[in-house]
There are 2 protein chains.
Amino acid sequence: MDVRVSDTTHPQKLSVKPGAAPLDCAQDSGACAVIRSILARTTDKWSILIVKSLGRGSHRFSELRRAIDGISQRMLTLTLRNLERDGLVLRTVTPTTPPRVDYELTTLGESLWTLTEAFGQWAMSNRPEIESARARFDARLDADL
Amino acid sequence: MDVRVSDTTHPQKLSVKPGAAPLDCAQDSGACAVIRSILARTTDKWSILIVKSLGRGSHRFSELRRAIDGISQRMLTLTLRNLERDGLVLRTVTPTTPPRVDYELTTLGESLWTLTEAFGQWAMSNRPEIESARARFDARLDADL
DNA sequence: CTTTCCGGTTCCTGATCGTAACCAGCACCA
DNA sequence: TGGTGCTGGTTACGATCAGGAACCGGAAAG
């Protein structure tokens, strides 16, 4: 039956192969399980950062690891593999020694990149407003205590 | 010192108050911790669905719970509270019996909504391509076995 | 007097993430 | 000849988090 497990990050056996969406539909818009799984992958914390990093050209594994501060090797491997699976990232192995593996955005990945950039822009330009909203909220909370 | 815990969903004591970003910066673009926390919140699985649902007007708690199939009461409460904290969602309590609580997007939330809509559109229109990419990837995996 | 509705909270468990250690292959250096 | 380093990748395991389910208070409805 080959039942494919839930979402990202296979706990054991670092292989990808999700596919069976864990959740049903958001009826309000006809967006179904597949859409959700696509959104889950593309809006994932690390995916966004990786796509962002790859926005300006190809990078090798270790470059990405250094660029995306805080990501673990495991998560980098996993997220890249998932992005590759979804056709967003292209993986190129050059069998030199030491081996060299380059990652770059596909055309599809580039179109996603523009979106994540827009998100990033939005976050940047609305940061003050959001931060003050947070401050207000927290202050009200503390007052109520 | 009031050290605020990591990210979404406080495990115990259903209060919000994160703030201390768990991660450093993605140097490649000068995007810093705050940006990351904003992105984490706004691109969150449930946040997206909630913002999407709220896109066409205010809804009460139970409406949202029914609309967003699969969300738990806990996650709905939590995510709404976080969105409220960030000034993206407005919460209005009407003390009738049974109590009535309405949620609606703020102006800021509406601007986010256009982005999430764009993401949704992207996911919808690229779904075939992504699905076939997945199929190809999995096939290649199975072949290698 | 029990049921129902409503928004919300608490507890518990299983999935997920991150840390750290390990692996293979080859070059370099002594 | 053995040690060390670099590479991309994997594994094991402990901490953490999301999700399910049961519970709460209050009032109306039956």
Side-chain angles (χ1 to χ4, degrees), chain A residues 3-16 18 20-24 36 40-41 44-47 49-50 58-82 84 89 91-103 141 144, chain B residues 4-16 18 20 22-24 36 40-41 44-47 49-50 58-82 84 89 91-103 141 144:
Chain A
V3 177
R4 324 213 135 154
V5 255
S6 59
D7 208 43
T8 18
T9 50
H10 240 134
Q12 304 303 53
K13 276 283 184 185
L14 241 169
S15 62
V16 195
L23 290 154
D24 290 274
R36 280 212 193 177
R41 175 107 329 107
D44 173 75
K45 170 189 181 184
W46 297 124
S47 298
L49 261 17
I50 289 177
S58 78
H59 287 287
R60 29 194 323 193
F61 187 87
S62 44
E63 283 174 345
L64 286 172
R65 191 172 25 147
R66 260 174 277 121
I68 303 172
D69 196 273
I71 196 171
S72 66
Q73 219 165 5
R74 197 180 94 102
M75 277 299 110
L76 183 55
T77 306
L78 233 24
T79 312
L80 280 171
R81 191 107 73 229
N82 279 321
E84 189 196 355
V89 154
R91 181 176 182 266
T92 318
V93 184
T94 318
T96 57
T97 46
R100 175 195 181 90
V101 182
D102 285 281
Y103 292 93
L141 249 187
D144 289 352
Chain B
R4 326 215 134 154
V5 256
S6 59
D7 209 45
T8 18
T9 49
H10 240 131
Q12 304 301 57
K13 276 282 181 186
L14 242 170
S15 63
V16 195
L23 290 155
D24 291 274
R36 280 211 193 179
R41 177 89 55 251
D44 172 75
K45 172 188 180 184
W46 297 123
S47 298
L49 260 16
I50 290 177
S58 79
H59 287 286
R60 31 195 319 195
F61 187 86
S62 44
E63 283 174 346
L64 286 173
R65 190 172 25 145
R66 261 174 277 118
I68 303 172
D69 196 274
I71 196 171
S72 67
Q73 224 165 0
R74 195 182 97 102
M75 278 298 109
L76 184 54
T77 305
L78 233 25
T79 312
L80 280 170
R81 192 106 74 227
N82 279 321
E84 189 197 355
V89 154
R91 181 174 180 268
T92 317
V93 184
T94 316
T96 57
T97 46
R100 176 195 180 92
V101 181
D102 285 280
Y103 292 93
L141 248 186
D144 289 352

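Chain naming here is simple, since letters A, B, ... match the order of the sequence lines and numbering starts at 1 in each.
- Between the P atom of C:dG7 and the CZ atom of B:Arg65 lies a distance of 7 Å, rounded to the nearest Å.
- Of the possible polar contacts, none joining the B:Asp44 side chain to the B:Ala40 backbone as a donor-acceptor pair under 3.5 Å is found.
- Taking the side chain of B:Ser72 as heavy atoms from C-beta on, and the options C:dG8, D:dC6, D:dG20, the nearest nucleotide is D:dG20.
- To the nearest 0.5 angstrom, A:Ile68 atom CD1 is 4.5 Å from A:Ile50 atom CD1.
- Here B:Lys45 contributes atom NZ and B:Ile71 contributes atom CD1; the two are 9.0 Å apart, rounded to the nearest 0.5 Å.
- Taking atom CG of residue A:Leu78 and atom C1' of nucleotide C:dG18, one finds them 12 Å apart after rounding to whole Å.
- Between the side chain of B:Thr79 and the backbone N or O of B:Ser47, no donor-acceptor pair lies under 3.5 Å.
- Between the CE atom of B:Met75 and the C1' atom of C:dC12 there is a distance of 14 Å, rounded to whole Å.
- Residue contacts shown for A:Thr96 are absent, as no nucleic acid heavy atom lies under 4.0 Å away.
- Across the protein-nucleic acid pair, B:Arg74 atom CZ and C:dT10 atom C1' stand 9 Å apart, rounded to whole Å.
- Within the structure, a side-chain polar atom (N or O) of B:Lys45 is placed less than 4.0 Å from OP1 or OP2 of D:dG19.
- The distance between atom CD1 of B:Ile68 and atom P of C:dG7, rounded to the nearest whole Å, is 14 Å.
- For B:Val101, the listed nucleotide lying nearest its side chain is C:dG8; candidates were C:dC26, D:dT7, C:dG8.
- Distance, B:Ile71 CD1 to D:dA21 P: 15 Å, rounded to whole Å.
- A straight line from CD of A:Gln73 to P of C:dA20 spans 12 Å, rounded to a whole angstrom.
- For A:Pro98, counting side-chain heavy atoms from C-beta on, the closest listed nucleotide (C:dG25, C:dG7, C:dG18) is C:dG25.
- When the side-chain nitrogen and oxygen atoms of B:Arg81 are compared with OP1 and OP2 of C:dT9, one or more of them lie within a distance under 4.0 Å.
- Side chain of B:Thr94 to main chain of B:Thr96: no donor-acceptor pair is present (N/O by atom type, distance under 3.5 Å, no hydrogens or angles).
- Put simply, B:Arg60 has a side-chain N or O that comes within less than 4.0 Å of OP1 or OP2 on C:dG7.
- Atom CG in B:Leu64 sits roughly 9 Å away from atom P in C:dG7 (whole-Å rounding).
- At a threshold of 4.0 angstrom between heavy atoms, the contacts of B:Ser62 are confined to the sugar-phosphate backbone, with no base atom among them.
- Of the candidate nucleotides D:dA28, C:dT9, D:dG19, C:dT9 has the atom lying nearest to any side-chain atom of B:Thr77.
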